[in-house]
Participant: 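Mind looking over this structure? Questions follow.
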Amino acid sequence: MNQHNSQSSKLNTLLQPLLKLQAPVQASTYAPIFQFLTGKNLLKPGQQLHAHMALRGLRPTAFLAAKMVAMYASSGDISSASHIFHATANPSLLLFNSIIRAFSLYKLSEKTIHIYARMHSLNLRGDNFTYPFVLKSVTDLYCFQFGKCIHGLSLKDGLEFDIYVGTSLIDMYVKCGELGDAHKLFDVMPLRDVSSWNTLISGYMRDGVVDLAKEFFENMPEKNIVSWTSMISGYTQNGLAGEALKLFDEMLSEDSEVKPNWVTVMSVLPACAHSAALDRGRSIHDFARGRGLDSHPSVQTALVGMYAKCGSLADARWCFDRIKLNDRNLVAWNTMISAYASHGHGFEAVSTFEDMIRAGVHPDDITFTGLLSGCSHSGLVDVGLKYFDSMSTMYFVEPKHEHYACVVDLLGRTGQLVKAYNLISQMPMQAGASIWGSLLAASRSHRNLEIAELAAKKLFVLEPDNSGNYVLLSNMYAEAGMWEEVNHFRALLKSQGVKKNPGCSWIEINGKAHLFLGGDASHPQAKEIYKLLEELPEKIKAAGYVPDTSFALHDVSEEEKVYTLTTHSEKLAIAFGILNTIPGTVLRITKNLRICGDCHTAIKFISKIYVREIIVRDVNRFHHFKDGLCSCRDYW
DNA sequence: ATAGGGTTAG
């Protein structure tokens, strides 16, 4: 704001003498002033100047109009920019370029193309300033055929050697999913620079061809900050958090000439979030603070997400509060709402949503995914249903698959299984595995075999390899004493060799992650871990724990089942955590699957007996275990 | 006046 004011006052001393002049002023006087105003978000002075001209009956030349268009577009007033363009007779190439640039920046892609077509019909040749923006619009429209056509026209206009047009073409092919064409063009480009290489690298990354991107990165003649950041964000987006962090470290090393900027920091933070590396995230936060890179709203938003996913909701909120009110955009609000939702703080998710509406930010589908899952995780059934109804009627956001999934979950938890089933039948799209899986789980906890069979039947088709569904239904049959059906599933599981998704958990201690698989004995401290786990059942049984073997398949002996349960990966990670920390420490565990019911019960007792706060992040949400209780209140 | 990296959800 201050900077803005001082700029304005500087400007007033520049403008006032001109504005006071009564005599006619030459058109050429105005152009440099409009140019000065461009890119500085100075709409008011621009309007004053415009009025001053209009009062004197001066009609802008094409050259002046171009400057005015640029000023208006860069100050947020696209309609005035458009108006000036249309009111100018004999538009020049410069004027066409400025309106094309304006429309493409505002994502008015059809308009951009339309203007370009008009320019073409007037026999005006496009130049190196025209095509990059036309191509951006083609890319936004995701229209490959059109892009090919524009490619041809650019060659006709003699731009085959232009590096800006060439790079824009590569980007267009990449983003339209035509990687082959992009690569071909790159190969025949007579001139390439870092940007051309970077474009191709990000193209390979977005197509998941990580190895090729890496090869290009390593072989490019010169790397800049964008090259490094493209690699880091590419790794992050492809789920390779470790690689992302490694490259970030390499970038910080002394022999690297390139230093991270705010985009780099923003791109690496999700890697910490993904691997739940809280210490790592904190140190990157410290680093950003030290370099003054933590004041950008997008970095601050990424920090909120990182802390939330690493299990520290308090830090997440702290970072959110530091985002200036004006900078709290849709993404920032969504991040905070989802943070509360995943930690089971439904009330806070709801109140944050209401804050967002009051702040005048319009919600989108992601907002409602967070809000509804927050309601579901906290059992706010009526509130959730109310918001679900309001999303299309009040906020004009059409419910998608994930929203229906939240509502099915919401109804399922209160045992309204028939209602949930009816909702699924009325969905405008096909229900996927997440929805049927949620219904199956709800049917089990409410012991409704009929609905369970319906859901399971769908799941056997949708995900034939997921053993969990067979086990669940088979166990329900066993509980109902329907042994014929139980035997049928047993045989099925054996003959088809249905795979079991291997469970794994990890825990971070002193900044180092330790990974455990179910039944894993490979850790250096395995002996001590197993000794602790052997003693564990007796210890927690004394406090009231009863092992729940219904989460294991009913075709092994009871004793074996208990053993399998005691060596679930989350238990191993927790045992390791207990061994290496003192009472009072917070243990943070991340699991790749949903936490099992027996582990959930056991961890509640462990948190009390061993005096540890235990935070478990499973695929769905966070569980905060403290003093014998869990934040999910046993429904998840 | 120009191209290339982007945070949320799943």
Side-chain angles (χ1 to χ4, degrees), chain A residues 35 38-39 66-67 69-71 73-74 93-95 97-98 100-102 104-105 126-136 139 159 162-172 174-175 192-203 205-206 220 223-234 236-237 258 260-270 273 296-306 308-309 316 319-320 323 327 329-339 341-342 363-373 400-403 405-406 432 434 619-620:
Chain A
Q35 189 163 340
T38 303
K67 300 296 171 193
V69 165
M71 183 282 293
S74 76
L93 174 62
L94 183 74
L95 179 56
N97 282 351
S98 63
I100 283 174
R101 173 168 193 247
S104 83
L105 288 177
D127 66 5
N128 54 321
F129 293 103
T130 317
Y131 283 100
F133 295 107
V134 174
L135 287 164
K136 206 181 200 61
T139 306
L159 291 160
D162 188 84
I163 201 156
Y164 288 90
V165 177
T167 304
S168 301
L169 281 166
I170 295 179
D171 190 54
M172 181 274 295
V174 156
K175 290 188 179 142
R192 295 174 200 143
D193 65 3
V194 205
S195 297
S196 330
W197 285 82
N198 290 346
T199 309
L200 208 58
I201 286 177
S202 74
M205 278 301 196
R206 73 165 53 220
M220 64 196 292
K223 302 178 182 62
N224 65 9
I225 179 69
V226 179
S227 327
W228 285 84
T229 307
S230 301
M231 286 300 291
I232 290 171
S233 68
T236 308
Q237 282 155 12
V258 192
N261 61 15
W262 68 267
V263 186
T264 322
V265 172
M266 184 188 60
S267 306
V268 77
L269 285 170
H296 196 286
S298 297
V299 173
Q300 294 174 323
T301 301
L303 285 167
V304 175
M306 181 278 290
K309 287 219 176 99
C319 289
F320 180 76
I323 307 178
D327 290 339
N329 62 12
L330 176 66
V331 179
W333 287 103
N334 283 354
T335 308
M336 196 63 234
I337 291 169
S338 306
S342 66
D364 70 352
D365 53 326
I366 295 173
T367 318
F368 283 101
T369 306
L371 181 64
L372 294 174
S373 73
K400 292 205 218 170
H401 188 272
E402 57 263 38
H403 304 110
C406 290
S434 61
V619 269
N620 285 330

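Every chain is numbered from 1, with letters handed out A, B, ... down the list of sequences. These figures come from a predicted structure and were not determined experimentally.
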Participant: Return the set of residues passing side-chain contact (heavy atoms from CB on, under 4.5 Å) with A:C319 (not counting sequence neighbours), or none when no residue passes.
Facilitator: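 side-chain contact (heavy atoms from CB on, under 4.5 Å) check on A:C319 returns A:H285, A:L303, A:V304, A:Y307.
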Participant: Are side-chain N/O atoms of A:D127 and A:T130 paired as donor and acceptor at under 3.5 Å?
Facilitator: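 The answer is yes; a qualifying pair exists.
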Participant: Which pair of non-hydrogen atoms, one from A:V265 and one from A:V299, has the smallest distance, and what is that distance?
Facilitator: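 For A:V265 versus A:V299, the nearest heavy atoms are CG1-CG1, 4.0 Å.
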Participant: For B:dG4, does the base pair up with any side-chain atom of A:D193 as donor and acceptor (N or O, under 3.5 Å, distance only)?
Facilitator: no
Participant: On the 0 to 90° scale, with breaks at 30° and 60°, tag the A:W262-A:H296 ring pair as parallel, tilted or perpendicular.
Facilitator: parallel
Participant: For A:L95 and B:dA1, give me the distance from atom CG to atom P, rounded to whole Å.
Facilitator: 15 Å
Participant: Look at all strands and tell whether A:Q35 reaches a base, only sugar-phosphate, or nothing, counting heavy atoms closer than 4.0 Å.
Facilitator: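 Sugar-phosphate contact only - A:Q35 comes under 4.0 Å of backbone atoms but never of a base.
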Participant: When you compare the side chains of A:T264 and A:N261, does any donor N or O come within less than 3.5 Å of an acceptor on the partner?
Facilitator: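 Their side chains do contain a donor-acceptor pair, which is all the 3.5 Å distance test asks for.
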Participant: In whole angstrom, what separates A:D127's CG from B:dA3's P?
Facilitator: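 Taking atom P of B:dA3 as the reference, CG of A:D127 is at 13 Å.
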Participant: Once you apply a heavy-atom cut-off of 4.0 Å, does A:L94 come out as touching a base, just sugar-phosphate, or nothing?
Facilitator: base
Participant: Generate the contact string for nucleotides 5-10 of chain B. Rules: B means base contact, S means sugar-phosphate contact only, - means no protein heavy atom under 4.0 Å.
Facilitator: BBBBB-
Participant: Counting the atoms with a prime plus P, OP1 and OP2 as sugar-phosphate, which does A:F133 contact under 4.0 Å by heavy atoms, base, sugar-phosphate, or nothing?
Facilitator: sugar-phosphate
Participant: Answer yes or no for this row: A:W197 ring on B:dG4 base, centroids under 5.5 Å, planes under 30°.
Facilitator: no
Participant: In whole angstroms, how far is the P atom of B:dG4 from the CZ atom of A:R192?
Facilitator: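 A:R192 atom CZ is separated from B:dG4 atom P by 18 Å.
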Participant: Strictly distance-based, threshold 3.5 Å: is any side-chain N or O of A:S338 a donor or acceptor partner for the main-chain N or O of A:T335?
Facilitator: no
Participant: Taking donor-acceptor contacts at under 3.5 Å, does the side chain of A:T199 reach the base of B:dG4?
Facilitator: no
